[in-house]
Colleague: 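First the structure, then my questions, so here it is.
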Amino acid sequence: MRLSRYFLPILRETPKEAEIVSHRLMLRAGMIRQQSAGLYSWLPLGLRVLNKINRIVREEQDRSGAVEILMPTIQSADLWRESGRYDAYGKEMLRIKDRHDREMLYGPTNEEMVTDIFRSYVRSYKDLPLNLYHIQWKFRDEVRPRFGLMRGREFLMKDAYSFDLDQAGARHSYNKMFVAYLRTFARLGLKAIPMRADTGPIGGDLSHEFIILASTGESEVFCHKDYLDFDIPAADTDFDSREGLQEIIDRWTSLYAATSEMHDAAAFAAVAPEQQVSARGIEVGHIFYFGTKYSEPMGATVTGPDGVDRPVHMGSYGIGPSRLAAAIIEASHDENGIVWPEAVAPFDVAVLNLKAGDSGTDAACERIYHELTAAGRDVLYDDRDDRPGAKFATADLIGIPWQLVVGPKSLAEGKVELKRRAGGERETLSIEDAIQRLG
Ligand SMILES: Nc1ncnc2c1ncn2[C@@H]1O[C@H](COS(=O)(=O)NC(=O)[C@@H](N)CS)[C@@H](O)[C@H]1O
């Protein structure tokens, strides 16, 4: 992408309304624009990051055996009356009426709707286990939306829903998602720790929140330090092995980890002081087992091997991709701006032409741009007629992992400069070697 033909509305000054670094940097880097309280437009740079986050989320959901669907954002109130949550959900629910005066709502979550889909088609235990997921916008009329995307009113959620014959089966489905979450957050460059959590309006009696440690996090968390060095389940984990997955979950829940709602100070005090971590954290995922809470009232039943009809056991599993775009910045930035992990960076390489209009640097940049693009790299070519200092500052602010600097002096010796955004190491090398290294 040539910057002269892109849309990257960088802000010079720090927006005063932004209280946390990710909110400040997302506005300054031209990633998002606030339309009203808790509602944001995704500008080109931000949308590229969101799409990369979604791709990783999707890959790990699919790896675990979940099947993707897409449900609407607008839901009928009737469904929520069946589960009894229509009145219980409270002021966070955006209630609307259509032209026929029918009561509708903008979905804050989809347990009822996915249960309706399930009950319309599945009758036999032979069709289980089943996990349906989608990545869809949600609306929750937060009383105090704040911190930019961290607590928005309209936000993107991956929400998955599992259906099993009994609790043992549902526990296996829960464990599949648990492992998928460990892999997902690690691939996003984050250290997420699963913590016993409260179940709140979703319900049930088994729940874990996946928390990343960040000083601006809204959650207060307590955990054993060793979790930070646990290795992540491998890509070839056997998701069909109940024992194998249970061993992974047992290991990842063997040490103390709890949010403040579930904190047991006495148990935490038993952890060696130098192993105790108490910090702020950001909840990036939350998984629940809630048995027949929805299938019972909504009549979602299957005929078991004994010929008896019974309501299915369910769980739901949420990840916040839009919150993750902010959370990754909270976990990975420096005084010059964002430092994107390569897996989610909006572009792989920023090519900086320090003398746009000069035939030598222009020709070299064109060659680099085309060869790296042909090699499948996402390249942002800063071809603007602007001072080198402004180009360096923009490249640092938007956090592209590699900067390839093409200036007339080093070019005269057939050299370009490669800078790694994280850590700042610089290296002078030939154009061929640079293309080789990045291609
Ligand atoms: N206001 C919000 N803004 C941005 N992300 C949010 C917001 N509320 C929740 N999320 C994200 O969505 C994830 C799941 O939300 S949740 O309420 O915990 N769980 C559910 O809604 C269940 N139905 C899981 S399918 C959270 O872990 C968080 O990452």
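FYI, the numbering just counts along the sequence from 1. Counting starts at 1 for both ligands and their atoms, following the listed order.
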Colleague: Is it the case that more than 12 heavy atoms not belonging to Arg437 sit under 6.0 Å from its CZ atom?
Modeller: no

Colleague: Kindly tell me which protein residues have any non-hydrogen atom under 4.0 angstrom away from an atom of ligand 1, grouped by chain and ordered by number?
Modeller: Thr109, Glu111, Arg140, Glu142, Leu149, Met150, Arg151, Gly152, Phe155, Met157, Asp159, Tyr161, Ile202, Glu283, Val284, Gly285, His286, Phe288, Ser316, Tyr317, Gly318, Gly320, Arg323

Colleague: Is it true that atom CZ of Arg33 has more than 12 heavy atoms of other residues, nucleotides or ligands lying nearer than 6.0 Å?
Modeller: no

Colleague: Output all residues satisfying side chain to side chain contact (heavy atoms under 4.5 Å, CB included) with Asp378, sequence neighbours left out; order by chain, then residue number.
Modeller: Arg48, Lys52, Phe347, Asp348

Colleague: For the pair Tyr381 and Tyr369, name the ring-plane relationship: parallel under 30°, tilted 30 to 60°, perpendicular over 60°.
Modeller: tilted

Colleague: Quick one: which residue pairs count as a ring pair (Phe, Tyr, Trp, His ring centres under 6.0 Å) with a foot in residues 306-342, not counting sequence neighbours?
Modeller: none

Colleague: Tell me which pairs pass ring pair (Phe, Tyr, Trp, His ring centres under 6.0 Å) where either residue lies in residues 151-173, with sequence neighbours left out.
Modeller: Phe118-Phe163

